[in-house]
There are 2 protein chains.
Amino acid sequence: MNIGEASNASGVSAKMIRYYESIGLIRAPLRTDSNYRVYREDEVHVLRFVKRARTLGFSVEETATLLGLWQDKSRASAEVKDIAVGHIAALETKIAELQSMVKTLKHLAHCCGGDNRPDCPILDDLAGEHPHSKGH
Amino acid sequence: MNIGEASNASGVSAKMIRYYESIGLIRAPLRTDSNYRVYREDEVHVLRFVKRARTLGFSVEETATLLGLWQDKSRASAEVKDIAVGHIAALETKIAELQSMVKTLKHLAHCCGGDNRPDCPILDDLAGEHPHSKGH
DNA sequence: ATAGACCTTCCAATCATGGGAAGGTCAAGA
DNA sequence: TCTTGACCTTCCCATGATTGGAAGGTCTAT
């Protein structure tokens, strides 16, 4: 299986497969005589693992740790759970931040007429002026 | 007011002030004889505007547009509202994605013993195996 | 043999930000 | 006046994950 097929089979682009190899996340596969990379089924399995971890928002570094734990038959599941739980906390912090932004923006958009007059509470807020505050 | 004071007054780092100037987001201020940047109050005001927009998650490019609209006395508030509303939609999409990740991870973490045994549903999921599915 | 769909490496760009080097400037104190 | 330390300047580099592209080699089917 060459890199294009491995890419299709795993959902990881060929570019990224080479990149992951270059940073040591995955091992360099064997090559053909003409220097093409050849992937075995288990190597594609690793790529799918990586893809899923990245999709779940783990960084490449976290993914490397998880991959190591996956391949270590004697690891404790507690270690994996710690990483997952820490990741959940980070995601929830991020979500809260975004929700706070949305809340502010919705309030501003609600107050903004969106018509052709130049009065605009959104810009007033960005500018740090609050002359139209009507307290709702 | 030199760049350090402008930085303190606006919350934008000196590094970023110079960067914003280099990409044309803000105008180059006057200089002293010794080539120091000097900021006036209205320029600090612009910096605060930029800071607030960035804090609200607008990209630098969106910020540039908003800044242009802010400084254009004849602009229509509809245009500003469109940007804000589009931005809200993008943020909500991002939030939904993150929430989906959290949901999956919480389920996996819940199923994971977190003990010293190597059995780990989290890794099984990443690996694409679902042998322990008990349907809850 | 040739077309075109692969593959290879290498280099660059993205976005926003921070780090740091090498050197110039200013204000306060000895 | 000289020194010290805190500022300022420009310049280049690094981050993280990914994409784009150039220049060139290889494979397959016609």
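These numbers come from the heavy atoms of this one structure, side chains and all, not from hydrogens, waters or symmetry mates. Each chain gets a letter, A, B and so on, in the order its sequence line appears, and its residues count up from 1.
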Practice task
Count the heavy atoms belonging to other residues, nucleotides or ligands that lie under 6.0 Å from CD of A/E79, then report whether that count exceeds 12.
Solution key: no
Exercise for the section: Please determine if A/R54 and A/E62 form a salt bridge, counting it only when a charged side-chain N lies under 4.0 Å from a carboxylate O. Expected result: no
Practice task
Please state whether the phosphate of D/dC27, meaning OP1 or OP2, lies under 4.0 angstrom from any side-chain nitrogen or oxygen of A/S34.
Solution key: yes
Handout entry: Atom-pair distance (CG on B/N35; P on C/dG24), nearest Å
Key = 13 Å
Handout entry: Distance in angstrom units between B/Y20 OH and C/dT17 P, rounded
Key = 4 Å
Practice task
Take atom CD1 of B/I3 and atom C1' of D/dT9, then tell me their distance rounded to the nearest Å.
Solution key: 10 Å
Fill in the blank from the handout: Closest heavy-atom pair, B/P121 versus B/C111, reported as atoms and distance to 0.1 Å, is CG-O, 3.4 Å
Problem - Whole-Å distance separating the CZ atom of A/F58 from the P atom of D/dG16 - result: 18 Å
Exercise for the section: Could you tell me the separation between the CE atom of A/M1 and the P atom of C/dC6, rounded to a whole number of Å? Expected result: 16 Å
Exercise for the section: Nearest-nucleotide wise, let me know which of B/R31 and A/V60 is further upstream toward the 5' end of DNA chain D. Expected result: B/R31
Problem - Atom-pair distance (NZ on A/K15; C1' on D/dG21), nearest Å - result: 7 Å
Handout entry: Phosphate OP1/OP2 of D/dT19: any A/S13 side-chain N/O under 4.0 Å
Key = yes
Exercise for the section: Assign B/S59 to base, sugar-phosphate, or nothing according to its heavy-atom contacts below 4.0 angstrom with the strands shown. Expected result: sugar-phosphate
Practice task
Using atom types as modelled and distance alone, determine if a side-chain donor or acceptor of A/R48 lies under 3.5 Å from a backbone N or O of A/R52.
Solution key: no
Practice task
Respond yes when some side-chain nitrogen or oxygen of A/Y19 is under 4.0 Å from OP1 or OP2 of D/dG16, and no when none is.
Solution key: no
Exercise for the section: Rounded to the nearest angstrom, tell me the gap between atom CG in B/L30 and atom P in D/dC8. Expected result: 17 Å
Exercise for the section: Return no unless some side-chain N or O of B/R37 is found under 4.0 Å from OP1 or OP2 of D/dT9. Expected result: yes
Problem - N-O pairing of A/R27 and A/E43 below 4.0 Å - result: no
Completion exercise
Per atom distances to the B/M16 side chain, the nearest of D/dC7, C/dT8, C/dG18 is C/dG18
Problem - Spacing between B/N8 atom CG and D/dC7 atom C1', to the nearest angstrom - result: 12 Å
Problem - C/dC15 OP1/OP2 closer than 4.0 Å to side-chain N/O of B/R54 - result: no
